[in-house]
Amino acid sequence: MTEKVRTRFAPSPTGYLHVGGARTALYNFLYARRHGGTFILRIEDTDRERSEDRFTQAILDSLSWLGINWDEGPVFQSQRLDRYREAAEKLLASGEAYCDEDPEKGRAVKMRMPRRIIKVPDLVHDEIEFDASLNDDFVIIKSDGFPAYNFACVVDDADLAITHVIRGDEHLSNMPRQLVLYEALGLPAPQFAHIPMILGPDGAKLSKRHGATSVTEYHDKGFLPEALANFVALLGWSPGNDLEIMSIEDMCGLFDLSRARKNASRFDNEKLMWMNGQYLMNLPAERLAADIREYLVRKNVDLAGYDDVWMTRLAEAYRIRIKTLDDLYVAAAYVFADEIEYDPASMKKVLEKEGVLDVLSASRDILAAQDDWASDRLEERFRVFCEETGRALGKVAQPIRVAVTGSTASPPIFETLALLGRDKSLSRIDSVLKRLPTASSPE
RNA sequence: GGCCCCAUCGUCUAGCCCGGUCAGGACACAGGAUUUUCAUUCCUGCAACAGGGGUUCGAAUCCCCUUGGGGUCACCA
């Protein structure tokens, strides 16, 4: 018979959700979805010292943000103490576990490790052999009455009827202990799939010194959840063809543990950036506009006076030019600023040039005379101006661009002017005009 | 160090299980085209089977060894 698939993600609330944890959660989620199963969230809060409610909340938030939704739970281990005690009693009674008195730590319950070879079946590694006699007896109930990891994990996975445990390679060495517990408790063991770890760009275990490692940080830096989920999913798995951009829904239909790789992969920020850019380019305009608004508000940008229509235009103007929402925050800062900063190099390259004063003041007059500030009206007018004066559009656009944005790069100039609005555009050109004669006066 | 895992371009990977295509795609990088700037887009290029033994007519693919990388050795999970 084929039992109904049940998977779980079991983080401990001692920190934020790590990108590696996010991938583990995602794989468990995808595997359950793919097989019409159930995905369960369990919080392993048995370390009373380090567990914090705010981390539990942060992990829940990160999972939700990524679109990884759980069907059951969260189940808290701290609320199942009776169950662990009961299971421990059973092992104590059978003699497979015993009480261990430590003068300093107090009384704990330890499990006896048998002296034999233990074969560990694994969906990605096939079968691995461990010599259990190399392991010491291990604690199952700590002296504070809380269960130790391996014990709580086994009892819970059995109670929750988990069928597939998908977790990182770092847990491989726990397998002998866990298998011994399943056997002693008379519980059926689930199937295991140990997936390779995610390393930093330098091949060392991904850690804080590599920069951002938590989902929260990527959120803060303006990455989209779709892109991050898509990216981490591809670290250790691929659908087999050349498909790379996939929504979670797509992956739900494609994910397959038999296609999981065995070797560790490195976290390549460059590719994540590219992928985020791809999502930014293809997001529905309204959704992107909403995301941008949310991001800018989070950055304390005053958005009073900017409606959704305007925000959507901003989104359209910038989506192909940015890799993250933060890029937009930086690139479009001039829009919201009262006083803009002029990049010295841009000033020198464009404004402090022979004849620019004439072009700019002529442009200023044209703009001042324009009532219709729509970008294509502005463009029509300037095309005529260029035609009449025999100038290339670029020669006219660049001085204006630097004058109103402070730099040489921006969306198409007329769209930029339209976004900026008549007042800001004109006053910025005026102020540049005022300081220009001194700057470019003939020596 | 003991035990365990792993090994294709710089990176993510397809191909491996069921040996036989110029070892394919993507990121990055380098050229070029388009373009009012930036970017996008489109071409082109660069670049890998860790090494050594086997097995075989034939090995990236199967086996062994070496080397290299990683994980783990807690009353942390």
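All chains are named by letter (A, B, ...) in the order of the sequence lines, taking the proteins before the strands, and each is independently numbered beginning at 1.
Using a 4.0 Å heavy-atom distance criterion, A/Glu129 is classed as a sugar-phosphate-only contact. Among the atoms of the strands shown, only primed sugar atoms or phosphate atoms (P, OP1, OP2) are found under 4.0 Å from some heavy atom of A/Lys262.
Note: NE2 (A/His171) to P (B/C76) measures 15 Å, nearest angstrom.
Remark: aromatic rings of A/Phe39 and A/Tyr31 are distant, center separation not under 6.0 Å.
Closest contact between the side chain of A/Asn150 and the listed nucleotides B/C75, B/A39, B/A77 involves B/A77. The side chain of A/Thr408 has B/U37 as its nearest neighbour among B/A7, B/U37, B/G70. Ranking B/C38, B/U36, B/C76 by closeness to the A/Arg383 side chain, first place goes to B/U36. Distance from the side chain of A/Asp169 is smallest for B/C5 among the nucleotides B/C5, B/C12, B/A7.
For A/Arg261 and B/U13, a side-chain-to-base donor-acceptor distance below 3.5 Å is absent, hydrogens and geometry of angles not being considered. Taking 3.5 Å as the limit, the base of B/A28 and the side chain of A/Lys271 contain no donor-acceptor pair of atoms between them.
An OP1 or OP2 oxygen of B/C17 is reached within less than 4.0 angstrom by no side-chain nitrogen or oxygen of A/Ser258. At B/A77, one or more side-chain N or O atoms of A/Thr46 fall inside 4.0 Å of OP1 or OP2 (strictly under the cut-off).
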#### Entry: Verdict with reasoning, A/Trp237 to A/Phe255, per ring-ring contact (aromatic ring centres under 6.0 Å, His included)
CA-CA 8 Å; A/Trp237 171 79; A/Phe255 188 74; 5.3 Å; yes

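Looking at A/Asn135, A/Asp136, A/Asp131 one by one, the single match for side chain to side chain donor-acceptor pair (under 3.5 Å) with A/Ser133 turns out to be A/Asp131.
Remark: side-chain polar atoms of A/Arg428 are paired, donor with acceptor, to backbone N or O of A/Val404 under 3.5 angstrom.
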